[in-house]
Structure formats: C-alpha cells, structure tokens
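First comes the structure, then the notes that go with it.
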Amino acid sequence: MRGVIEAYGATDVGRKRDRNEDSFLIDRDLGLFVVADGMGGHAGGGIASKLAVETIRTALADAKRTSPQAFEVASTLEEGAAKDRLRDAVEAACARIFQEAQANPALLGMGTTVTAALVLGSYIYLAHVGDSRCYLVRGGRIFQVSEDHSLVNEQLKAGAMTPDEARHSRFRNIITRSVGFEEEVLVDLVGIDAADGDQLLLCCDGLTNLVEDDEILEVVDRNPLPDVPSRLVSIANDRGGDDNITVIVARLG
C-alpha cells in the first residue's frame, strides 16, 4: 500500500511584501497537503488563507472520524468517496471565509487560492481553486496537474496570447476563481493513480512566476528532499522575490 514517505514545506514573505499572506499544511496522519495564497482587505489575505487551511483540515478530520468508510481505499480511482469529502472541505472553507468577511467590513473581498492534495493508499485526490499549482514528478519528468484559474491562462487557451507573453503579462496575477470571495465556489477535482517514487510539489504563484517548470524539476532531482522547498524559495528570492513564496514537496512509495 503506497502512502507518503516524507514531506517538507517552506514559506517566505519574499523581498517586496510587508506580510506573508500564504498558509500551508502538512498533515501526515490524514495524508493531506494544502497551499493557500490569500488576498484582499487589510490583512484579509492572511486571515483567508489561514481559515482555509484550518477549515479543510478540521472538515476532513471530522469526516474521517464520523465516516471512516469514506477513507477506505476503493477498488478504482473513480469509486473513491474521499474525493467528495475533500471537495466538501474546500466548499466549507469558502463559506466560512465569506461569512467572516460579511461579519467584519474591514475584511470584505478577502479570499484565497486553495490547492489541496489528499493521498490515500495508491491514489492522490486533488482539489483546486485559483492559480496555486500542483505538480507531479515521475520518471524524470514534471507534469502540472492543476489548471490555473487565471485571466492569462484563459487568454492562453483561447490563442490570444503566446506562452512567452503569458509569462511576462502584467495581468498574470489576476485569478478568475477564489475561495471565500463569494459564498460558493466551483472546485476542480483531479484523481491520480500513484506510482512508487512519485513526488508531489504544491506551490503558490510567488514561485511559478519566477521559476520555470524545468528548473523546478532540476531542483527536485538534484537535491535531498528536505532541501527542496528552501532551495526553490531561495531561487525565487534571488530573482526579486516580488511575492510571498510557499512550497510543499512530498515523496510517495
């Protein structure tokens, strides 16, 4: 039965921001990994990302305690009930953040990205909203598993922008979907059949706006796993560190 062998994370305020509005979670017992990049309101981004991480963790822990059968490894990836509990948890986080903002006018408009991976036996379930990313590293290659919910990605898919233009667009930080800005959100769900030695890497756009996918792969391949998050943070900071930077990496086997 596969599972998480080791996992590490790092977050940094970067070189240009006054506060770190990112949050991340590594919960080995649940097999849960979350990166959340907050935005909006006076300190609202940090509050939103923290609420997201806390709510998702609590919701899944409660679901596992009350409905343990949902977290049993299914015979096929599609039959797994845990993916629905993961989506429920992200939806609960969305409602909670929205309600907190309604109760405090200073926090109106706050929200956060959420990229959450749940490892259950041989399967990985990913719930995703926004432009924080999840990568799968397998067999010396790197694959972006999540799809950016961003204005630039929509233009890229429509053929209105080249990949090089997308990398340098002044609109690259505009996202089209977030957790908590509205009371409900559409959550993307992805399922992956894991292989021994797979590595998951979750990160915010503070990394991917400055470090290319092939460079991420090189760092993962050439460094001990505990050093990967801090090494990637350092590269982003060396290139200007214009945003908060958060990275989680986990090895399965």
Side-chain angles (χ1 to χ4, degrees), residues 3-12 14 20-39 48-50 52-57 60 82-83 86-87 89-90 93 112-120 123-138 141-150 153 175 177-179 187-192 194 197-213 215-217 219-221 223 225-233 235-236 243-252:
V4 178
I5 295 176
E6 50 182 336
Y8 306 92
T11 188
D12 190 82
N20 192 344
E21 297 190 319
D22 290 356
S23 298
F24 77 92
L25 169 70
I26 295 174
D27 189 320
R28 291 282 301 275
D29 292 335
L30 285 172
L32 177 66
F33 308 92
V34 186
V35 165
D37 179 356
M39 67 211 78
S49 67
K50 184 178 179 180
V53 165
E54 290 176 350
T55 305
I56 292 168
R57 182 184 204 171
L60 281 175
K83 65 181 182 297
L86 182 60
R87 177 176 51 205
V90 177
T112 183
T113 69
V114 165
T115 299
L118 179 65
V119 179
L120 191 62
Y123 304 137
I124 304 165
Y125 298 107
L126 179 73
H128 171 65
V129 178
D131 62 354
S132 295
R133 292 182 179 176
C134 178
Y135 291 95
L136 176 70
V137 176
R138 176 184 289 177
R141 300 177 66 188
I142 188 169
F143 307 90
Q144 182 180 335
V145 180
S146 58
E147 180 178 353
D148 295 350
H149 302 139
S150 67
N153 191 49
I175 62 174
R177 207 186 299 179
S178 67
V179 172
V187 181
D188 282 3
L189 282 177
V190 178
I192 304 166
D198 278 355
Q199 295 173 82
L200 283 179
L201 190 141
L202 281 65
C203 62
C204 67
D205 66 343
L207 179 73
T208 53
N209 283 341
L210 296 172
V211 185
E212 300 294 332
D213 291 5
E215 295 176 306
I216 295 173
L217 176 62
V219 171
V220 172
D221 280 347
N223 291 272
L225 202 71
D227 297 342
V228 168
S230 59
R231 177 64 185 140
L232 289 171
V233 167
I235 294 171
D243 200 352
N244 306 147
I245 311 152
T246 301
V247 183
I248 294 174
V249 64
R251 178 178 289 128
L252 285 64

So, using side chain to side chain contact (heavy atoms under 4.5 Å, CB included) as the criterion, who are the partners of Ala236 when residues are at least two apart? Leu207, Leu210, Val211, Ile245

At their closest point, which heavy atom of Leu86 faces which heavy atom of Leu60, and how far apart are they? CD1-CD1, 3.7 Å

Can you tell me how far the CZ atom of Arg133 sits from the NE2 atom of His128, to the nearest 0.5 Å? 9.0 Å

Mind listing the closest non-hydrogen atom pair of Gly130 and Thr113 along with its distance? CA-CG2, 4.1 Å

As a test of understanding, state which of Asp148, Asp188, Asp131 forms a salt bridge (charged side-chain N to carboxylate O under 4.0 Å, His left out) with Arg177. Asp188

Any chance you could lay out the side chain to side chain contact (heavy atoms under 4.5 Å, CB included) test for Ile235 and Glu215, step after step, and finish with the verdict? CA-CA 10 Å; Ile235 294 171; Glu215 295 176 306; 5.7 Å; no

Quick one, Tyr135 and Asp213 - any side-chain contact, counting heavy atoms below 4.5 Å? yes

Quick one: closest heavy-atom pair of Ala82 and Leu120, and the distance? CB-CD2, 3.7 Å

Are Thr115 and Ser132 close enough that a side-chain donor and a side-chain acceptor fall under 3.5 Å? no

Under 4.5 Å between any side-chain heavy atoms of Val119 and Leu252, yes or no? yes

Residues Thr112, Glu21; criterion side chain to side chain contact (heavy atoms under 4.5 Å, CB included); working and verdict: CA-CA 9 Å; Thr112 183; Glu21 297 190 319; over 6 Å; no

Closest non-hydrogen atom pair between Ala36 and Ala52, with its separation: CB-CB, 4.5 Å

List in chain and number order the residues that pass side chain to side chain contact (heavy atoms under 4.5 Å, CB included) with Leu136, two or more places apart in sequence or in another chain; answer none if no residue qualifies. Arg138, Val145, Ile192, Asp198, Leu200

Is any side-chain heavy atom of Gln199 closer than 4.5 Å to one of Val228? no

Are Leu201 and Leu232 close enough, and set up right, to give a side chain to side chain contact (heavy atoms under 4.5 Å, CB included), and what steps lead you there? CA-CA 11 Å; Leu201 190 141; Leu232 289 171; 3.7 Å; yes

Show the nearest heavy-atom pair for residues Ala7 and Ile26, with the distance to one decimal. CB-CG2, 4.0 Å

Hits for side chain to side chain contact (heavy atoms under 4.5 Å, CB included) against Thr246, two or more places apart or cross-chain, chain-then-number order -> Thr11, Asp22, Phe24, Val35, Cys204

